[in-house]
Amino acid sequence: MQSHGGDGEVINKQVILKDYVTDGASPKESDLEVIANRTIKLKVPNGSHGVLLKNLYLSCDPYMLACMNKFENASIDIASFTPGSPIRGYGVGKVLDSDHPKFKRGDFVWGKTGWEEYSILSTSEAEALFKIDHTDVPLSYYTGILGVNGMTAYAGFFEICCPKKGEYVFVSAASGAVGQLVGQFAKLMGCYVVGCAGSKQKVDLLKNKLGFDEVFNYKEEPNLEATLTRCFPEGIDIYFDNVGGKMLDAALVNMRRNGRIALCGMVSEFQKDKPEGVYNLIGAIGKRVRLEGFIMHDYLHLYPKYLDFVLPPIREGQIVYLEDLAYGLENGPSALIGILSGRNVGKQVVVVTKED
């Protein structure tokens, strides 16, 4: 059923990209700007089949940092942000007005939206939204565990790595939005799980609250190969890689025969002038190790199946989900850039407004 709101025009606070990040430079907070000098009509044009959203929660994800660069390589499956325009990412919103048959005023949805208070989405953009039917869990969860990060963890672990009970699993960036879920999914499967993180606080959380069998602080380990040998004396069956670089190289040495590596992210590469080499690939041949990169979008058809899998343990308290909330769009740039240094503990979310 279609619905139409009022014609009022309001100030629309936005987070914009000032200009592309120069080659080799790390994204900085100063590359983004919060502006409040543009207006928006709180009505979707008749016949547009679009949707007007009031954005409630915005997701901070590592790939967004890469989008601050100008991509010349057409093979890269993500799009650059547009300087002078609001940056885009996943978020949760409330439909204020709709000319689209799938959505009506008052619906809650998650999907791609702008980093702004209000967004008008085109027909194609609205088609990619997911209506939120389960509101007995926090709406912010749809930026993470019930959204893109949960689907990433589910697809990478179950579809790429095909875990078996009793296998040895290693997760890098284990306290992040994806890593914390992969580790807990592995524990639900009866696997032995080791994670790595970058602070004592995160190590303690993973061991004492999320149930990881072992966790180490990679910043305190001068020899990562030896560390992984210590943690996995019989080797690693599954490595869920969120960081790339030296950690991937160290894991390759410690893989078991027929091991699987899911290449999910390479956050360690974002702050380097040039990519760091991987030198231990030759061992993957004799051990029949399979490395596979993946993009979550390819598995979105599994979303209903994923909800059936993950909602019961969430409701029963079998999965603990960590969120790091930053309040207000004005704190959005700091929150997004902060994930580069691992400042966040758990899923980093920007709370635009808590009207839910």
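What you see is a predicted model; the values in this text were computed from it and never measured. The first residue of the sequence shown is numbered 1, and numbering continues consecutively from there.
Using a cutoff of 4.0 Å between basic side-chain nitrogens and carboxylate oxygens, R230 and E221 are scored as salt-bridged.
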Please assess T39 against N12 for the test side chain to side chain donor-acceptor pair (under 3.5 Å), listing each intermediate value before the final yes or no. CA-CA 5 Å; T39 61; N12 190 23; over 6 Å; no
Give the C-alpha distance, both sets of side-chain angles, the deciding distance and a yes or no for ring-ring contact (aromatic ring centres under 6.0 Å, His included) between F81 and W115. CA-CA 11 Å; F81 294 143; W115 272 45; 8.5 Å; no
Should D99 and N46 be marked as a side chain to side chain donor-acceptor pair (under 3.5 Å) after you check the CA-CA gap, both sets of side-chain angles, and the distance that decides it? CA-CA 7 Å; D99 194 54; N46 290 329; over 6 Å; no
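Within the hydrophobic cluster formed by Ile, Leu, Val, Met, Phe, Trp and Tyr side chains joined at under 4.5 Å, directly or through other members, I16 is accompanied by I35.
Remark: side-chain polar atoms of D107 are not paired, donor with acceptor, to backbone N or O of F103 under 3.5 angstrom. D237 places a side-chain N or O within 3.5 Å of a backbone atom of Y168 that can act as its donor or acceptor partner.
Side-chain contact between S59 and K347: present, with at least one pair of heavy atoms (C-beta onward) separated by less than 4.5 Å. The shortest distance between side-chain heavy atoms of T113 and L58 falls below 4.5 Å. In this structure, Y239 and R260 have side chains that are not in contact, with every pair of non-hydrogen atoms separated by 4.5 Å or more. In this structure, L291 and L281 have side chains that are in contact, with non-hydrogen atoms separated by less than 4.5 Å. For the pair L181 and I145, the minimum side-chain heavy-atom distance is below 4.5 Å.
When ring centroids are compared, F158 and F309 come within the 6.0 Å threshold. In this structure, F170 has its ring center no closer than 6.0 Å to that of F240. Taking the six-membered ring for Trp and the full ring otherwise, the centers of F185 and F157 sit at least 6.0 Å from each other.
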For residues 124-131, dump all side-chain donor-acceptor pairs below 3.5 Å to protein atoms at least two apart in sequence or in another chain.
residue	atom	partner	partner atom	Å
S124	OG	S122	OG	3.3
E125	OE1	S122	N	2.8
E125	OE1	S122	OG	3.3
E127	OE2	H100	NE2	2.8

